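Everything on this sheet refers to the single structure shown next.
Note that these values count all heavy atoms, side chains included, but never hydrogens, waters or copies made by symmetry. So you know, we letter chains A, B, ... as the sequences are listed, proteins then strands, and number each from 1. Nothing here was measured: the structure is a model prediction, and the numbers come from that model.
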Amino acid sequence: MNTRKRRRKGLTPRSEDFSAWYNEVVQEAELADYSPVRGSMVIRPWGYGIWENMQRALDDMFKASGHQNAYFPLLIPMSFIEREKEHIEGFKPELAVVTHAGGKELEEPYVVRPTSETIIYSMYAKWVQSYRDLPVLLNQWANVMRWELRTRLFLRTAEFLWQEGHTAHATEAEAEQEARLILGIYRTFMEDWMAMPPLTGLKSRSETFAGADRSYACEALMQDGKALQAGTSHMLGQNFARQFGLTFQSEEGREEYAWNTSWGVSTRLVGGLVMTHGDDVGVVVPPRLAPTQVIVTPIARSDEQAAVVMEKADGIVQALQRRGVRADVDRRRHLSPGAKFFEWERKGVPLRIEIGPRDVERGEVVVVPRVAGVSGARKEAVPEGDAVGGIGDRLEALQAQLLEAARDHREGMTFRGEVTSVEELGDLLDGGAGFVYSGWSGDPGVEERAKDATKATIRVIPGEEFRSATPPSRCIGGGEARMEVVWARAY
RNA sequence: CGGGGCGUGGCGCAGCUCGGUAGCGCGCCUGCUUUGGGAGCAGGAGGUCGCCGGUUCGAAUCCGGCCGCCCCGACCA
């Protein structure tokens, strides 16, 4: 009934309906919009700008660790995707298939790539003969399609953008090292750039990528207490190498199958960013990923004032840009200052500089950080020179604050201790827990039973740095624990 | 794929029960006045009422079919 009012004046509060809040904020902040194509979205400039900054940061890290980019075809022969048995079992339900082209039915249908292991390793088989040709360390930035039944902007769409790294190695140890190296890169990226601290570790068998021996993952906790799988790195063993004849002659002259890894993160990260930092005012974008880090909003009555103020604003933006800050002026004359404030807060620009006649007179500007909580909080009048010089520090401080807040939130919603029954797990989750640590015997039956009863899954068998000081001794399904695991309900 | 909801100017909706050819808010355009937290007034543009068929003198409205989208549950980055 007050939908109209709400649509203009604000979002559904997160506490009322997190899912509704998410849908609204993504559209209201102009990150993305629904498209005419079922389950497919349009990523708008603000959302795409965030993704571009993510891409740049990740791409630099991949390159720094010896990887190169390449590009493989969108269409994959059906027979390729069918070759690895578990792989096809995993993807079959969500394949889009091209059966006609050039006005004729094709002899062999193509699938629109849901992931590119098969076509990429078929090419590696052609390129690799000797151990001297290894390792192959390639990445591609691409779109993929998985025909999902239920979709949500950024989190799950039929088509999405991602990077997929595919490597081939001479030894198992080397491939294993690669898979872990990438997991570490993902974790660093999520912490340092997204201010989203994930748990990392190994996936249980049932959650392992179709066709992989082992999957590693980054699992981030969203504000509503649900986990988001934010990145995966797979040790594929020799499964694909065997199917595609990816062999090499070793130093000793033997013919051997190569060892592969594959790893990816997607535009889903943008959704994770929103659900990690957003508030009831709108999105909050960490400074390092913000397409615009500082928005200068001029305030003026008369045209004469506007000319003076605008000149000042331009000067400030130029000074900031010279310092490498992504700054911009909102020059629109038909919007009131207040309207502009709300708009940029909704979009999550980290810092706003207000500048009006009063400020020009005093040689000051007003600096306003986009902090979680109240709109327009913490306005501060700062001498113009100090403002320009201090922006870098302010942005870094905001970046650090966001990471700290996210980490506090994660820890605040994490339960560690002995959980000795599936019922107890359910109670903890219903009571507001996000991540629940427990012991596990390793029995898939226990995992399945817990999932049916609580809707939670084992998100990760945590890596060393995330394990409890005192490991749980009892399995959640009864009996003795053989390892520690982390449960959560997940996106 | 099961359950629910919705398709009416760009957006959000009313009108449908009880048939008579479409209305409101926001947005948009023009002008004037405004601008330190979502501006005001005046004038204006904009609609094959999702699609197909039926009933009727006449259908947004009644009937049948189809399509699409969104939300909730089983699979997935």
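Put simply, NZ on A:Lys455 is 17 Å from C1' on B:C76, counting in whole angstrom units.
Stacking here means ring centres nearer than 5.5 Å and ring planes tilted less than 30 degrees, and by that measure A:Trp162 does not stack onto B:A77. Residue ring and nucleobase are stacked for A:Phe342 and B:G38, with a centre distance beneath 5.5 angstrom and an angle between planes beneath 30°.
Across all strands shown, B:U30 is found opposite B:A42 as a Watson-Crick or G-U wobble partner, with both distances under 3.5 Å. When both distances must be under 3.5 Å, the Watson-Crick or G-U wobble mate of B:C57 is B:G20.
On the C1' atoms, B:G37 is 22 Å away from B:C41, given to the nearest whole Å. Nucleotides B:A59 and B:C16 are separated by 10 Å at their C1' atoms, to the nearest Å. Look at the P atom in both B:U56 and B:C70: the space between them is 39 Å, to the nearest Å. Between the C1' atoms of B:G64 and B:G12, the separation comes to 31 Å (whole Å). When the P atom is used for both B:C69 and B:U8, the distance is 14 Å, rounded to whole Å. Going from the C1' atom of B:G38 to that of B:C1 covers 44 Å, rounded to whole Å. Of the P atoms belonging to B:A60 and B:C51, the separation is 11 Å, rounded to the nearest Å. With both ends at atom P, the span from B:G65 to B:C57 equals 24 Å, rounded to whole Å.
With salt bridges taken as basic N to acidic carboxylate O contacts below 4.0 Å, one links A:Arg205 and A:Glu86.
Below 30°, between 30° and 60°, or above 60°: for A:Tyr121 and A:Phe240 the angle between ring planes is between 30° and 60°, a tilted geometry.
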Under the salt bridge (Lys or Arg N to Asp or Glu O under 4.0 Å) rule, what do A:Glu207 and A:Arg459 come out as? Steps first, then yes or no, please. CA-CA 8 Å; A:Glu207 298 276 325; A:Arg459 297 321 301 162; 3.5 Å; yes

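The phosphate of B:U34 (OP1 or OP2) has no side-chain N or O of A:Arg301 nearer than 4.0 angstrom. Under 4.0 angstrom from either OP1 or OP2 of B:C72 there lies at least one side-chain N or O belonging to A:Ser19. Close to B:A77, at under 4.0 Å from its OP1 or OP2, lies no side-chain N or O of A:Lys203.
A:Trp344 places no side-chain N or O within donor-acceptor distance of the main-chain N or O of A:Arg352, the cut-off being under 3.5 Å.
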